[in-house]
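On a predicted model such as this, the values are computed, not experimentally measured, just so you know. Throughout, a chain's letter reflects where its sequence line sits, starting with A, and its residues are numbered from 1. Every heavy atom of this structure was used, including side-chain atoms; hydrogens, water molecules and symmetry mates were not.
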Amino acid sequence: MYPEELRYHEGHAWVREDGEELTIGVTMYAADEMGEIIFAELPEEGTEIERDEAYGSIESAKAVEDLIAPVAGTVVRRNEAVLDAPETINEDPYTDGWLIVVRADEDAGLDSLLTAEEYRAHVGAPEAEEEAEEEEEEQEEDIEEDEDLSYDEDE
Amino acid sequence: MSDAAEPTALSQSAPVWRLILSEPSDAAGNMAVDEAIFRARAEGLVPPTLRLYRWHPPAVSLGRFQALDERINLDAVARRGYGIVRRPTGGRAILHSDELTYSVVVRETDLAGGETLMGSYRTISRGIEAGLAYLGVRVSLGAERDTGPACEKALPTICFAKAARCDLVAAGRKVVGSAQTRSRGVILQHGSIPLTIDLDDLLAVLPGPSDQPLEERRRKVSLAAVGVAELVGRPVSFDELAGAIRLGFARRPGVRLCEGPLLPQEERWAAELVAAKYANAEWTYRAPPRS
(Lines give C-alpha, C1' and ligand atoms only; values in the text may rest on other atoms or scores of the structure.)
Protein backbone atom coordinates (compact mmCIF):
# COMPACT_ATOMS: atom_id res chain seq x y z
CA MET A 1 0.00 0.00 0.00
CA TYR A 2 2.77 2.48 1.01
CA PRO A 3 6.19 1.21 -0.12
CA GLU A 4 8.84 1.62 2.54
CA GLU A 5 11.49 2.93 0.14
CA LEU A 6 9.43 6.01 -0.74
CA ARG A 7 8.97 9.27 1.16
CA TYR A 8 5.56 10.87 1.56
CA HIS A 9 3.93 14.25 1.85
CA GLU A 10 0.74 15.11 3.76
CA GLY A 11 -0.80 16.20 0.46
CA HIS A 12 -0.87 12.52 -0.57
CA ALA A 13 2.23 12.59 -2.76
CA TRP A 14 5.09 10.12 -2.79
CA VAL A 15 8.71 10.84 -3.70
CA ARG A 16 11.34 8.40 -4.97
CA GLU A 17 14.95 9.56 -4.81
CA ASP A 18 17.20 8.62 -7.68
CA GLY A 19 20.40 10.63 -7.44
CA GLU A 20 19.59 14.27 -8.12
CA GLU A 21 16.26 13.41 -9.65
CA LEU A 22 13.07 12.90 -7.70
CA THR A 23 10.10 11.04 -9.10
CA ILE A 24 6.72 12.18 -7.78
CA GLY A 25 3.30 10.59 -7.84
CA VAL A 26 0.13 10.32 -5.77
CA THR A 27 -0.40 7.69 -3.12
CA MET A 28 -2.72 4.73 -3.30
CA TYR A 29 -4.81 6.41 -0.63
CA ALA A 30 -5.41 9.48 -2.82
CA ALA A 31 -6.01 7.40 -5.95
CA ASP A 32 -8.59 5.25 -4.16
CA GLU A 33 -10.23 8.30 -2.63
CA MET A 34 -10.65 9.97 -6.00
CA GLY A 35 -12.14 6.96 -7.76
CA GLU A 36 -11.43 6.49 -11.44
CA ILE A 37 -9.23 9.32 -12.59
CA ILE A 38 -10.30 10.66 -15.98
CA PHE A 39 -8.02 13.65 -16.51
CA ALA A 40 -4.56 14.59 -15.38
CA GLU A 41 -3.00 17.98 -15.92
CA LEU A 42 0.77 18.04 -15.45
CA PRO A 43 3.36 20.80 -15.78
CA GLU A 44 5.69 20.90 -18.74
CA GLU A 45 9.41 20.35 -18.62
CA GLY A 46 11.21 23.31 -17.16
CA THR A 47 8.37 24.37 -14.88
CA GLU A 48 9.49 25.28 -11.39
CA ILE A 49 7.33 23.84 -8.66
CA GLU A 50 7.12 25.04 -5.08
CA ARG A 51 6.79 22.75 -2.11
CA ASP A 52 3.22 22.71 -0.73
CA GLU A 53 1.91 24.51 -3.80
CA ALA A 54 -0.31 23.04 -6.52
CA TYR A 55 1.62 21.90 -9.58
CA GLY A 56 -1.21 20.23 -11.49
CA SER A 57 -4.57 18.63 -10.95
CA ILE A 58 -6.47 15.42 -11.46
CA GLU A 59 -10.16 14.88 -12.07
CA SER A 60 -12.34 11.91 -11.29
CA ALA A 61 -16.09 11.53 -11.50
CA LYS A 62 -16.22 12.91 -7.99
CA ALA A 63 -13.90 15.89 -7.89
CA VAL A 64 -11.06 17.94 -9.22
CA GLU A 65 -8.15 17.83 -6.83
CA ASP A 66 -4.98 19.87 -6.90
CA LEU A 67 -1.71 17.97 -6.98
CA ILE A 68 0.40 19.40 -4.18
CA ALA A 69 4.16 19.44 -4.67
CA PRO A 70 5.97 17.51 -1.95
CA VAL A 71 9.27 19.22 -2.75
CA ALA A 72 10.58 22.25 -4.57
CA GLY A 73 12.33 21.75 -7.87
CA THR A 74 12.29 21.99 -11.63
CA VAL A 75 10.33 19.57 -13.78
CA VAL A 76 12.69 17.42 -15.86
CA ARG A 77 9.98 15.33 -17.49
CA ARG A 78 6.37 14.34 -17.05
CA ASN A 79 4.64 11.05 -17.63
CA GLU A 80 3.10 11.44 -21.08
CA ALA A 81 1.54 7.99 -20.85
CA VAL A 82 -0.50 9.07 -17.83
CA LEU A 83 -1.86 12.05 -19.76
CA ASP A 84 -3.15 9.62 -22.38
CA ALA A 85 -4.35 7.01 -19.88
CA PRO A 86 -5.00 8.70 -16.51
CA GLU A 87 -6.55 5.53 -15.10
CA THR A 88 -2.97 4.22 -14.80
CA ILE A 89 -2.77 6.34 -11.64
CA ASN A 90 -5.47 4.17 -10.08
CA GLU A 91 -4.05 0.94 -11.37
CA ASP A 92 -0.41 1.44 -10.56
CA PRO A 93 0.25 4.65 -8.63
CA TYR A 94 3.82 3.82 -7.59
CA THR A 95 5.39 2.64 -10.84
CA ASP A 96 3.65 3.21 -14.19
CA GLY A 97 1.45 5.86 -12.62
CA TRP A 98 4.30 8.24 -11.70
CA LEU A 99 3.53 11.86 -12.62
CA ILE A 100 6.63 14.01 -12.86
CA VAL A 101 10.39 13.89 -12.34
CA VAL A 102 11.99 16.98 -10.85
CA ARG A 103 15.51 18.14 -10.17
CA ALA A 104 15.37 19.17 -6.55
CA ASP A 105 16.23 22.66 -5.38
CA GLU A 106 18.89 22.93 -2.68
CA ASP A 107 16.24 23.54 -0.07
CA ALA A 108 13.75 21.16 -1.66
CA GLY A 109 12.27 20.13 1.67
CA LEU A 110 13.22 16.46 1.47
CA ASP A 111 14.04 16.30 5.16
CA SER A 112 10.51 17.07 6.22
CA LEU A 113 8.88 14.31 4.17
CA LEU A 114 7.23 11.44 6.00
CA THR A 115 8.24 7.81 6.18
CA ALA A 116 5.76 5.18 5.06
CA GLU A 117 4.86 4.55 8.68
CA GLU A 118 4.32 8.23 9.39
CA TYR A 119 2.20 8.65 6.29
CA ARG A 120 0.15 5.60 7.20
CA ALA A 121 -0.51 7.18 10.58
CA HIS A 122 -1.34 10.49 8.88
CA VAL A 123 -4.09 8.99 6.73
CA GLY A 124 -5.25 6.97 9.69
CA ALA A 125 -6.07 3.91 7.63
CA PRO A 126 -3.82 0.89 7.34
CA GLU A 127 -5.72 -0.26 4.28
CA ALA A 128 -7.47 2.35 2.16
CA GLU A 129 -9.47 -0.34 0.43
CA GLU A 130 -10.99 -1.43 3.69
CA GLU A 131 -11.90 2.15 4.47
CA ALA A 132 -13.54 2.57 1.08
CA GLU A 133 -15.62 -0.52 1.68
CA GLU A 134 -16.65 0.71 5.09
CA GLU A 135 -17.60 4.00 3.56
CA GLU A 136 -19.83 2.31 1.03
CA GLU A 137 -21.56 0.46 3.83
CA GLU A 138 -22.00 3.64 5.83
CA GLN A 139 -23.50 5.31 2.84
CA GLU A 140 -26.04 2.58 2.42
CA GLU A 141 -26.90 2.78 6.10
CA ASP A 142 -27.30 6.53 5.87
CA ILE A 143 -29.73 6.23 3.05
CA GLU A 144 -31.70 3.61 4.93
CA GLU A 145 -31.75 5.81 8.00
CA ASP A 146 -33.00 8.70 6.02
CA GLU A 147 -35.86 6.62 4.71
CA ASP A 148 -37.13 6.49 8.26
CA LEU A 149 -37.02 10.20 8.84
CA SER A 150 -40.07 12.32 8.75
CA TYR A 151 -39.83 16.05 8.37
CA ASP A 152 -43.48 16.63 9.12
CA GLU A 153 -42.89 17.82 12.65
CA ASP A 154 -40.84 20.74 11.40
CA GLU A 155 -43.36 22.10 9.03
CA MET B 1 -30.37 7.51 15.24
CA SER B 2 -27.62 9.61 13.77
CA ASP B 3 -30.09 12.47 13.51
CA ALA B 4 -30.32 12.77 17.27
CA ALA B 5 -26.55 12.67 17.60
CA GLU B 6 -26.01 15.57 15.25
CA PRO B 7 -26.08 19.09 16.63
CA THR B 8 -29.05 21.10 15.48
CA ALA B 9 -29.26 24.75 14.65
CA LEU B 10 -31.01 25.34 17.96
CA SER B 11 -28.02 24.08 19.87
CA GLN B 12 -25.62 26.69 21.17
CA SER B 13 -22.77 24.47 20.07
CA ALA B 14 -23.94 24.38 16.47
CA PRO B 15 -21.22 25.73 14.20
CA VAL B 16 -21.91 29.08 12.58
CA TRP B 17 -21.76 29.29 8.82
CA ARG B 18 -22.11 32.37 6.69
CA LEU B 19 -25.05 32.44 4.31
CA ILE B 20 -24.70 34.52 1.17
CA LEU B 21 -27.81 35.19 -0.88
CA SER B 22 -26.36 36.60 -4.07
CA GLU B 23 -28.10 38.82 -6.56
CA PRO B 24 -28.37 37.22 -10.01
CA SER B 25 -25.02 37.43 -11.77
CA ASP B 26 -23.48 36.52 -15.08
CA ALA B 27 -21.56 33.30 -15.48
CA ALA B 28 -18.05 34.63 -14.97
CA GLY B 29 -19.13 36.56 -11.89
CA ASN B 30 -20.74 33.53 -10.32
CA MET B 31 -17.73 31.27 -10.77
CA ALA B 32 -15.35 34.01 -9.67
CA VAL B 33 -17.27 34.57 -6.43
CA ASP B 34 -17.23 30.85 -5.63
CA GLU B 35 -13.46 30.73 -6.13
CA ALA B 36 -12.93 33.95 -4.16
CA ILE B 37 -14.79 32.43 -1.21
CA PHE B 38 -12.68 29.27 -1.62
CA ARG B 39 -9.53 31.37 -1.40
CA ALA B 40 -10.86 33.32 1.58
CA ARG B 41 -11.69 30.13 3.47
CA ALA B 42 -8.23 28.76 2.71
CA GLU B 43 -6.73 31.94 4.16
CA GLY B 44 -8.97 31.65 7.21
CA LEU B 45 -10.64 34.99 6.48
CA VAL B 46 -14.20 33.69 6.47
CA PRO B 47 -16.25 30.98 8.17
CA PRO B 48 -17.69 28.02 6.29
CA THR B 49 -20.03 29.49 3.72
CA LEU B 50 -23.24 28.45 1.99
CA ARG B 51 -24.05 30.59 -1.01
CA LEU B 52 -27.31 30.45 -2.94
CA TYR B 53 -27.37 32.10 -6.33
CA ARG B 54 -28.76 32.24 -9.83
CA TRP B 55 -27.62 33.20 -13.28
CA HIS B 56 -28.54 36.20 -15.41
CA PRO B 57 -28.40 35.75 -18.29
CA PRO B 58 -28.69 31.95 -18.30
CA ALA B 59 -25.40 30.26 -19.04
CA VAL B 60 -23.69 27.03 -19.92
CA SER B 61 -20.98 25.95 -17.53
CA LEU B 62 -18.37 23.44 -18.63
CA GLY B 63 -16.42 21.02 -16.50
CA ARG B 64 -12.84 22.00 -15.72
CA PHE B 65 -11.38 19.63 -18.30
CA GLN B 66 -14.36 19.17 -20.59
CA ALA B 67 -13.72 19.41 -24.31
CA LEU B 68 -15.66 22.00 -26.28
CA ASP B 69 -16.94 20.01 -29.21
CA GLU B 70 -19.98 19.73 -31.45
CA ARG B 71 -22.05 18.46 -28.55
CA ILE B 72 -22.11 22.01 -27.20
CA ASN B 73 -23.78 24.36 -29.66
CA LEU B 74 -21.93 27.64 -29.23
CA ASP B 75 -24.02 29.33 -31.94
CA ALA B 76 -27.21 28.51 -30.06
CA VAL B 77 -25.63 29.80 -26.86
CA ALA B 78 -24.70 33.07 -28.58
CA ARG B 79 -28.06 33.49 -30.36
CA ARG B 80 -29.88 33.26 -27.08
CA GLY B 81 -27.54 35.72 -25.41
CA TYR B 82 -26.54 33.07 -22.91
CA GLY B 83 -23.19 33.07 -21.18
CA ILE B 84 -20.54 30.39 -21.19
CA VAL B 85 -17.99 29.70 -18.53
CA ARG B 86 -15.61 26.96 -17.49
CA ARG B 87 -16.02 25.85 -13.89
CA PRO B 88 -13.20 25.23 -11.45
CA THR B 89 -14.88 21.88 -10.72
CA GLY B 90 -15.13 18.81 -12.89
CA GLY B 91 -17.97 17.04 -14.62
CA ARG B 92 -20.07 17.80 -17.63
CA ALA B 93 -21.85 20.78 -19.15
CA ILE B 94 -24.84 22.31 -17.41
CA LEU B 95 -27.34 24.84 -18.70
CA HIS B 96 -28.10 27.13 -15.77
CA SER B 97 -31.48 28.61 -16.49
CA ASP B 98 -34.49 28.41 -14.17
CA GLU B 99 -32.62 27.03 -11.20
CA LEU B 100 -31.09 27.58 -7.80
CA THR B 101 -27.36 27.04 -7.60
CA TYR B 102 -25.68 26.39 -4.28
CA SER B 103 -22.08 26.49 -3.28
CA VAL B 104 -20.55 25.26 -0.07
CA VAL B 105 -17.01 26.29 0.87
CA VAL B 106 -15.57 24.59 3.92
CA ARG B 107 -12.40 23.16 5.30
CA GLU B 108 -12.39 19.40 5.49
CA THR B 109 -12.43 19.75 9.27
CA ASP B 110 -15.64 21.82 9.16
CA LEU B 111 -17.67 18.82 8.02
CA ALA B 112 -18.49 15.47 9.52
CA GLY B 113 -16.71 13.04 7.24
CA GLY B 114 -15.08 15.95 5.39
CA GLU B 115 -11.72 14.27 5.11
CA THR B 116 -13.06 11.84 2.52
CA LEU B 117 -14.67 12.76 -0.74
CA MET B 118 -17.83 10.74 -0.33
CA GLY B 119 -18.08 11.76 3.32
CA SER B 120 -18.12 15.42 2.38
CA TYR B 121 -20.60 14.86 -0.45
CA ARG B 122 -22.83 12.99 1.93
CA THR B 123 -22.79 15.65 4.63
CA ILE B 124 -23.46 18.51 2.23
CA SER B 125 -26.08 16.48 0.43
CA ARG B 126 -27.93 15.99 3.69
CA GLY B 127 -28.59 19.71 3.88
CA ILE B 128 -29.96 19.80 0.34
CA GLU B 129 -31.91 16.61 0.93
CA ALA B 130 -33.46 17.95 4.12
CA GLY B 131 -34.28 21.23 2.35
CA LEU B 132 -36.06 19.47 -0.48
CA ALA B 133 -37.95 17.39 2.09
CA TYR B 134 -39.52 20.61 3.35
CA LEU B 135 -41.08 20.89 -0.10
CA GLY B 136 -42.20 17.27 0.08
CA VAL B 137 -39.52 16.04 -2.30
CA ARG B 138 -37.62 12.90 -1.27
CA VAL B 139 -34.20 12.48 -2.80
CA SER B 140 -31.21 10.26 -2.15
CA LEU B 141 -27.61 10.04 -3.31
CA GLY B 142 -27.36 8.45 -6.72
CA ALA B 143 -25.26 5.47 -7.65
CA GLU B 144 -22.94 5.39 -10.61
CA ARG B 145 -24.14 2.05 -11.82
CA ASP B 146 -27.74 1.90 -10.70
CA THR B 147 -29.99 4.80 -11.38
CA GLY B 148 -32.45 3.17 -13.68
CA PRO B 149 -33.06 4.66 -17.08
CA ALA B 150 -31.38 7.87 -16.00
CA CYS B 151 -27.99 6.36 -16.09
CA GLU B 152 -27.68 5.28 -19.67
CA LYS B 153 -24.50 6.78 -21.00
CA ALA B 154 -26.56 8.23 -23.77
CA LEU B 155 -25.76 11.92 -23.66
CA PRO B 156 -22.36 12.02 -22.11
CA THR B 157 -21.85 15.76 -22.60
CA ILE B 158 -24.77 16.87 -20.49
CA CYS B 159 -24.50 16.73 -16.75
CA PHE B 160 -28.20 16.17 -16.22
CA ALA B 161 -28.29 13.25 -18.62
CA LYS B 162 -26.45 11.07 -16.17
CA ALA B 163 -26.59 10.67 -12.42
CA ALA B 164 -23.45 9.86 -10.49
CA ARG B 165 -23.11 8.61 -6.95
CA CYS B 166 -22.55 12.21 -5.85
CA ASP B 167 -25.85 13.43 -7.28
CA LEU B 168 -29.25 13.55 -5.64
CA VAL B 169 -31.94 11.62 -7.43
CA ALA B 170 -35.67 11.04 -7.05
CA ALA B 171 -36.88 7.75 -8.49
CA GLY B 172 -33.77 7.52 -10.62
CA ARG B 173 -34.08 11.05 -12.05
CA LYS B 174 -31.40 13.56 -11.20
CA VAL B 175 -32.64 16.51 -9.17
CA VAL B 176 -29.33 17.97 -7.99
CA GLY B 177 -26.08 17.71 -9.93
CA SER B 178 -23.01 18.58 -7.89
CA ALA B 179 -19.28 18.88 -8.42
CA GLN B 180 -16.40 19.44 -6.11
CA THR B 181 -12.87 20.72 -6.09
CA ARG B 182 -10.36 20.42 -3.30
CA SER B 183 -7.07 21.94 -2.53
CA ARG B 184 -5.03 21.83 0.65
CA GLY B 185 -7.89 20.78 2.85
CA VAL B 186 -10.44 23.25 1.50
CA ILE B 187 -13.50 22.06 -0.38
CA LEU B 188 -15.65 23.92 -2.88
CA GLN B 189 -18.77 22.03 -3.80
CA HIS B 190 -21.39 23.60 -5.97
CA GLY B 191 -24.44 22.22 -7.60
CA SER B 192 -27.41 22.99 -9.73
CA ILE B 193 -31.03 22.44 -8.67
CA PRO B 194 -33.33 23.12 -11.63
CA LEU B 195 -36.75 24.50 -10.79
CA THR B 196 -37.93 23.65 -14.28
CA ILE B 197 -36.23 22.08 -17.28
CA ASP B 198 -36.98 23.39 -20.76
CA LEU B 199 -36.03 20.40 -22.88
CA ASP B 200 -36.15 22.28 -26.17
CA ASP B 201 -33.85 24.97 -24.86
CA LEU B 202 -31.52 22.46 -23.20
CA LEU B 203 -31.16 20.29 -26.29
CA ALA B 204 -30.70 23.31 -28.56
CA VAL B 205 -27.76 24.46 -26.49
CA LEU B 206 -26.42 21.05 -25.44
CA PRO B 207 -27.59 18.82 -28.28
CA GLY B 208 -25.50 15.83 -27.32
CA PRO B 209 -24.38 13.29 -29.93
CA SER B 210 -25.71 14.08 -33.38
CA ASP B 211 -26.11 10.41 -34.30
CA GLN B 212 -29.24 10.11 -32.18
CA PRO B 213 -32.64 11.44 -33.28
CA LEU B 214 -33.85 14.49 -31.35
CA GLU B 215 -36.87 12.66 -30.00
CA GLU B 216 -34.65 9.94 -28.60
CA ARG B 217 -32.46 12.50 -26.90
CA ARG B 218 -35.52 14.27 -25.50
CA ARG B 219 -36.81 11.01 -24.12
CA LYS B 220 -33.51 10.17 -22.49
CA VAL B 221 -33.06 13.53 -20.82
CA SER B 222 -36.65 13.60 -19.58
CA LEU B 223 -36.16 10.16 -18.06
CA ALA B 224 -32.84 11.18 -16.57
CA ALA B 225 -33.57 14.56 -15.02
CA VAL B 226 -36.41 16.42 -13.38
CA GLY B 227 -37.03 19.91 -12.04
CA VAL B 228 -38.22 20.59 -8.50
CA ALA B 229 -41.53 22.09 -9.66
CA GLU B 230 -42.51 18.87 -11.44
CA LEU B 231 -41.77 16.85 -8.32
CA VAL B 232 -43.71 19.24 -6.09
CA GLY B 233 -46.56 19.43 -8.58
CA ARG B 234 -46.77 23.22 -8.69
CA PRO B 235 -44.54 26.18 -9.53
CA VAL B 236 -41.74 26.73 -7.04
CA SER B 237 -39.90 30.04 -6.89
CA PHE B 238 -36.20 30.58 -6.30
CA ASP B 239 -37.01 32.23 -2.98
CA GLU B 240 -39.15 29.34 -1.81
CA LEU B 241 -36.46 26.79 -2.65
CA ALA B 242 -33.77 29.00 -1.08
CA GLY B 243 -35.84 29.16 2.11
CA ALA B 244 -36.19 25.40 2.15
CA ILE B 245 -32.46 24.85 1.61
CA ARG B 246 -31.68 27.22 4.49
CA LEU B 247 -33.95 25.21 6.75
CA GLY B 248 -32.39 22.00 5.46
CA PHE B 249 -28.85 23.01 6.36
CA ALA B 250 -30.01 24.09 9.80
CA ARG B 251 -31.52 20.67 10.29
CA ARG B 252 -29.15 18.09 8.86
CA PRO B 253 -25.55 19.24 8.94
CA GLY B 254 -26.90 21.21 11.90
CA VAL B 255 -25.34 24.60 11.32
CA ARG B 256 -26.46 28.07 12.30
CA LEU B 257 -26.61 30.16 9.16
CA CYS B 258 -25.91 33.87 9.59
CA GLU B 259 -26.60 35.89 6.52
CA GLY B 260 -23.70 38.11 5.55
CA PRO B 261 -22.00 39.82 2.63
CA LEU B 262 -18.81 39.03 0.81
CA LEU B 263 -15.75 40.61 2.38
CA PRO B 264 -14.19 43.48 0.43
CA GLN B 265 -11.20 41.18 -0.10
CA GLU B 266 -13.46 38.54 -1.62
CA GLU B 267 -15.00 41.17 -3.88
CA ARG B 268 -11.53 42.17 -5.04
CA TRP B 269 -10.47 38.60 -5.68
CA ALA B 270 -13.69 37.93 -7.55
CA ALA B 271 -13.13 40.95 -9.80
CA GLU B 272 -9.58 39.79 -10.50
CA LEU B 273 -10.76 36.25 -11.23
CA VAL B 274 -13.40 37.51 -13.68
CA ALA B 275 -10.78 39.39 -15.65
CA ALA B 276 -7.95 36.90 -15.45
CA LYS B 277 -9.84 33.63 -15.62
CA TYR B 278 -13.58 33.23 -15.90
CA ALA B 279 -14.28 35.89 -18.55
CA ASN B 280 -11.02 35.07 -20.28
CA ALA B 281 -11.31 33.08 -23.49
CA GLU B 282 -8.01 31.38 -22.80
CA TRP B 283 -9.57 29.66 -19.79
CA THR B 284 -13.02 29.10 -21.25
CA TYR B 285 -11.96 27.72 -24.60
CA ARG B 286 -8.79 26.00 -23.55
CA ALA B 287 -8.05 22.56 -24.86
CA PRO B 288 -8.52 19.79 -22.33
CA PRO B 289 -5.57 17.69 -21.27
CA ARG B 290 -5.26 14.52 -23.28
CA SER B 291 -7.35 11.56 -22.31
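In this structure, the portions of Glu53(A) lying under 4.5 Å from any heavy atom of chain B include both its backbone and its side chain. For chain A, no part of Gln189(B) is nearby; none of its heavy atoms comes within less than 4.5 Å. Residue contact with chain B, scored on non-hydrogen atoms closer than 4.5 Å, is absent for Glu10(A).
Here the closest non-hydrogen pair linking Glu115(B) and Tyr29(A) is O-OH, 4.3 Å. Between Glu59(A) and Gly91(B), the shortest heavy-atom contact is OE2-N, 2.7 Å.
Heavy-atom neighbours of Glu117(A) CD from other residues, nucleotides or ligands within 6.0 Å: at or below the threshold of 12. The 12-atom threshold is exceeded at CD of Glu80(A), counting heavy atoms of other residues, nucleotides or ligands nearer than 6.0 Å. Within 6.0 Å of CD on Glu5(A) lie more than 12 heavy atoms contributed by other residues, nucleotides or ligands. The 12-atom threshold is not exceeded at CD of Glu36(A), counting heavy atoms of other residues, nucleotides or ligands nearer than 6.0 Å.
Applying the side chain to side chain contact (heavy atoms under 4.5 Å, CB included) test between Ser183(B) and each of Leu67(A), Val64(A), Ile68(A) identifies Ile68(A) as the sole match.
Using a 4.5 Å heavy-atom threshold, the side chains of Met34(A) and Leu117(B) count as touching. Between Thr116(B) and Glu33(A), some side-chain heavy-atom pair lies under the 4.5 Å cut-off.
For the pair Arg184(B) and Glu65(A), the salt-bridge criterion is not met [side-chain N within less than 4.0 Å of a carboxylate O].
Interatomic distance, CD of Gln180(B) versus OG of Ser60(A), reported as 9.0 Å (0.5 Å rounding).
Contact count against chain A (heavy-atom pairs under 4.5 Å) is highest for Gly90(B) among Gly90(B), Pro288(B), Gly185(B), Gly113(B).
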